[in-house]
S.K.: 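I'd like to ask some things about the structure below.
Chain A is the first sequence line, chain B the second, and so forth, proteins listed ahead of strands; every chain is numbered from 1. Note that the structure is a prediction, hence the values are computed from the model and not measured.
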There are 2 protein chains.
Amino acid sequence: MTLMKSGANPLFLRDEELRQGIEMLFFAYRDFTAEPDAILAERGLGRAHHRVIYFVGRYPGMTVSDLLSILKITKQSLSRVLSQLVREGYIHQDQGVEDRRQRLLRLTDKGAQLEKELTENQRQRIERAFRDAGAEAVDGFRKVMLGIVNAAEDRDRFDAAIRKRR
Amino acid sequence: MTLMKSGANPLFLRDEELRQGIEMLFFAYRDFTAEPDAILAERGLGRAHHRVIYFVGRYPGMTVSDLLSILKITKQSLSRVLSQLVREGYIHQDQGVEDRRQRLLRLTDKGAQLEKELTENQRQRIERAFRDAGAEAVDGFRKVMLGIVNAAEDRDRFDAAIRKRR
DNA sequence: GAAACTATGTCAGTTATATTGACATATATA
DNA sequence: TATATATGTCAATATAACTGACATAGTTTC
């Protein structure tokens, strides 16, 4: 941290550091979504479909409202995306067993295949970044990212070893 | 890293770790944009306007094509957003001095005020996360984020101390 | 058992952000 | 002079979100 743009002004340094943090999030997210978006476009799907497929693959048997609270979108928005995925055979809905109003969501084989193709890309990108940066850096990355996330509920999705720092 | 969900399968652990990375990016970005979006909505502006205001504030005197290559959108998309910002007095355009075809962009006072309000929110979020995580973790965060970003051109926006690891 | 609440779905209208393609203008460079 | 570049604009389209209103089936509570 010695070679900063402006010299020895600690206030500027702090601002520069924080702005870099902001920008890194923007650039990382932009590049992280670019390739999956291209794969999805070939099938007439968009980023919203990816998010649904991803989380249903991650938590099979999740309900529609689980999905709504993760994505933080309205049910009307989800509806169009989800019903397209069901219609086109990527996602299967089972009636809930304890509560029969619920629709338990899971990927079909077709859905799982697409999920793999999409996530593979992002997984590789993360893997390369993690490997290049080293285990210690990965710990730091996780601590910071966890601090950026709002809801304790979402932070709880991540592992206990990180959570205990709070 | 001792308490993982599944026990002692190292392959599972790796997959779990990578998926956490993917999800952290999603959740962090989702929460990072939520509050500025709300402020913008009051003025009839959206996230796209924020990005323009942010980068023009960051690099005063940048050209339209600089902005296009950072945002990676088409000029037609930028056009509507940028001309609204000019029309409503957030951004001022000067004719380029060396090349008079260029429009050099800078924030007006009104624009700078909005930029401050919007960025303040994100800056505070990052600041809190950085402070809670500690300096070492911040280094790790930056290393990993830099690894996720594609273009060397964009990586070069960040500081030399990190860049030299490559 | 009726009333209230919950999970989900759907209709209709609207907004923001992006796209592609075509063309125009001013300026710079070979 | 010819060509390339920086910018702007018109038109049509797509996607992903929103709000509001209403419907249905199933669960819970009084």
Side-chain angles (χ1 to χ4, degrees), chain A residues 26 29-30 33-34 36-56 61-88 91-105, chain B residues 26 29-30 33-34 36-56 61-88 91-106 118:
Chain A
F26 168 72
Y29 197 77
R30 184 198 62 182
T33 49
D37 282 358
I39 296 170
L40 289 154
E42 292 169 13
R43 304 190 182 222
L45 303 174
R47 197 179 292 176
H49 300 92
H50 186 186
R51 295 197 280 254
V52 170
I53 286 177
Y54 178 85
F55 283 109
V56 171
M62 78 190 308
T63 66
V64 172
S65 32
D66 290 340
L67 204 44
L68 286 174
S69 64
I70 286 182
L71 300 178
K72 290 190 181 161
I73 58 173
T74 60
K75 65 177 177 172
Q76 296 92 324
S77 300
L78 177 59
S79 171
R80 194 178 33 75
V81 172
L82 183 56
S83 40
Q84 186 185 351
L85 290 172
V86 170
R87 200 182 328 118
E88 297 179 5
I91 285 183
H92 181 74
Q93 294 179 312
D94 289 306
Q95 195 171 51
V97 278
E98 287 169 8
D99 184 336
R100 286 180 303 171
R101 292 170 304 182
Q102 294 178 334
R103 301 283 170 266
L104 308 184
L105 307 172
Chain B
F26 169 72
Y29 197 77
R30 184 199 62 183
T33 49
D37 282 357
I39 295 170
L40 289 154
E42 290 168 16
R43 303 191 183 220
L45 304 174
R47 198 179 292 177
H49 301 91
H50 186 186
R51 295 196 282 253
V52 170
I53 286 177
Y54 178 85
F55 284 109
V56 171
M62 78 189 309
T63 67
V64 172
S65 30
D66 290 340
L67 203 43
L68 286 175
S69 64
I70 286 182
L71 300 178
K72 291 192 181 159
I73 58 173
T74 59
K75 65 176 177 175
Q76 295 90 326
S77 299
L78 177 59
S79 171
R80 196 181 28 78
V81 172
L82 183 56
S83 41
Q84 186 185 351
L85 290 172
V86 171
R87 200 182 328 119
E88 296 180 5
I91 285 182
H92 181 73
Q93 294 179 310
D94 288 308
Q95 194 171 52
V97 277
E98 288 168 7
D99 184 336
R100 286 182 303 171
R101 291 171 303 181
Q102 294 179 335
R103 300 283 170 267
L104 308 184
L105 307 173
R106 60 188 66 253
L118 292 170

S.K.: Which whole-number value in Å describes the distance from A:Leu45 CG to D:dT15 C1'?
M.R.: 12 Å

S.K.: State, to the nearest 10°, the angle formed by the axis through the first five base pairs of the helix from C:dG1-D:dC30 to C:dA30-D:dT1 and the axis through its last five.
M.R.: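 Roughly 30°, once rounded to the nearest ten degrees.
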
S.K.: Check salt bridge (charged side-chain N to carboxylate O under 4.0 Å, His left out) between B:Arg51 and all other residues, then give those that pass, not counting sequence neighbours.
M.R.: none

S.K.: Using atom CD of A:Glu42 as one end and atom P of C:dT19 as the other, report the distance to the nearest whole Å.
M.R.: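 Spelled out: CD on A:Glu42 to P on C:dT19 is 17 Å.
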
S.K.: For B:Ser77, what residues pass the side chain to side chain contact (heavy atoms under 4.5 Å, CB included) criterion, not counting sequence neighbours?
M.R.: B:Ile73, B:Thr74

S.K.: Kindly write out the residues that satisfy side chain to side chain donor-acceptor pair (under 3.5 Å) with B:Ser83, not counting sequence neighbours, or none if the list is empty.
M.R.: none

S.K.: Tell me the closest heavy-atom pair linking B:Phe26 and A:Ile70, and the distance in Å.
M.R.: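 Nearest pair, atom of B:Phe26 first, then A:Ile70: CE2-O, 4.0 Å.
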
S.K.: Nearest whole angstrom, please: distance from the P of D:dA6 to the CG of B:Leu67.
M.R.: 14 Å

S.K.: Could you check how far CG of A:Leu71 sits from C1' of D:dA17, rounded to whole Å?
M.R.: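 Computing the A:Leu71:CG to D:dA17:C1' distance gives 12 Å.
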
S.K.: List in chain and number order the residues that pass side chain to side chain donor-acceptor pair (under 3.5 Å) with A:Tyr29, two or more places apart in sequence or in another chain; answer none if no residue qualifies.
M.R.: none

S.K.: Can you work out whether B:Leu104 or A:Lys75 has the more 5'-proximal nearest nucleotide on DNA chain D?
M.R.: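 Its nearest nucleotide lies further toward 5', so the answer is B:Leu104.
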
S.K.: Side-chain N or O of B:Thr63 versus OP1/OP2 of D:dA6: is the shortest distance under 4.0 Å?
M.R.: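 So the side-chain polar atoms of B:Thr63 never come under 4.0 Å of the phosphate oxygens OP1 or OP2 of D:dA6.
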
S.K.: Kindly say if A:Gln93 contacts the phosphate of C:dG9, meaning a side-chain N or O under 4.0 Å from OP1 or OP2.
M.R.: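 Answer is yes, contact under 4.0 Å.
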
S.K.: Please list all pairs passing the salt bridge (charged side-chain N to carboxylate O under 4.0 Å, His left out) test where one or both residues lie in residues 71-84 of chain A, with sequence neighbours left out.
M.R.: A:Lys72-B:Asp31

S.K.: How does protein contact run along nucleotides 25-30 of chain D, one letter per nucleotide 5' to 3', with B for base contact, S for sugar-phosphate only, - for none, heavy atoms under 4.0 Å?
M.R.: BBS---

S.K.: Answer with base, sugar-phosphate or nothing: what part of the nucleic acid does A:Thr74 contact at a heavy-atom distance below 4.0 Å?
M.R.: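 Base, at least one base heavy atom under 4.0 Å.
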
S.K.: Restricting to pairs with a member in residues 38-50 of chain A, which pass salt bridge (charged side-chain N to carboxylate O under 4.0 Å, His left out), not counting sequence neighbours?
M.R.: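 Sorted result for residues 38-50 of chain A: A:Asp37-A:Arg47, A:Arg43-A:Glu117.
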
S.K.: For A:Met62, is there any backbone N or O sitting under 3.5 Å from a side-chain donor or acceptor partner on A:Arg103?
M.R.: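 It does not hold such a pair.
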
S.K.: Quickly work out the A:Ile73 CD1 to C:dT8 P distance and round it to whole Å.
M.R.: 14 Å

S.K.: Tell me, please, which residues at least two apart from A:His92 pass side chain to side chain donor-acceptor pair (under 3.5 Å).
M.R.: A:Asp94

S.K.: Can you sort out the partners of A:Gln84 under side chain to side chain donor-acceptor pair (under 3.5 Å), two or more places apart, ordered by chain and number?
M.R.: A:His49, A:Glu88

S.K.: Write down the atom of B:Arg30, the atom of A:Ser69, and the distance for their closest heavy-atom approach.
M.R.: NH1-O, 4.1 Å

S.K.: Is A:His49 close enough to D:dT15 that one of its side-chain N or O atoms is under 4.0 Å from OP1 or OP2 there?
M.R.: no

S.K.: Over how many whole Å does the gap from B:Asp94 atom CG to D:dT7 atom P extend?
M.R.: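 Rounded to the whole Å, the gap is 13 Å.
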
S.K.: List in numerical order all residues of residues 76-86 of chain B for which some heavy atom is under 4.0 Å away from an atom belonging to DNA chain C.
M.R.: B:Gln76, B:Ser77, B:Arg80

S.K.: Please enumerate all protein N or O atoms sitting under 3.5 Å from an N or O of nucleotides 1-3 of chain D, with distances to 0.1 Å.
M.R.:
none

S.K.: Nearest of C:dT17, D:dA16, C:dT19 to any side-chain atom of B:Arg51?
M.R.: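 Comparing C:dT17, D:dA16, C:dT19 against the side chain of B:Arg51, the answer is C:dT17.
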
S.K.: Can you measure A:Arg30 atom CZ to C:dA18 atom C1' for me and round it to whole angstrom units?
M.R.: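 Distance, rounded to whole Å: 16 Å.
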
S.K.: Only one of B:Arg101, B:Gln95, B:Gln102 passes side-chain hydrogen bond (donor to acceptor under 3.5 Å, both in side chains) with B:Asp99; say which it is.
M.R.: B:Arg101

S.K.: Between A:Thr63 and A:Asp66 (side chain of the first, backbone of the second, donor and acceptor by atom type, cut-off under 3.5 Å), is there such a pair?
M.R.: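 Checked: pair present.
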
S.K.: Find the distance B:Glu88:CD to C:dA16:P and express it as a whole number of Å.
M.R.: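 Those two atoms, CD and P, are 11 Å apart.
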
S.K.: Have a look at A:Gln93 and tell me which of A:Leu104, A:Leu85, A:Leu82 forms a side-chain contact (heavy atoms from CB on, under 4.5 Å) with it.
M.R.: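 Among the candidates, only A:Leu82 passes.
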
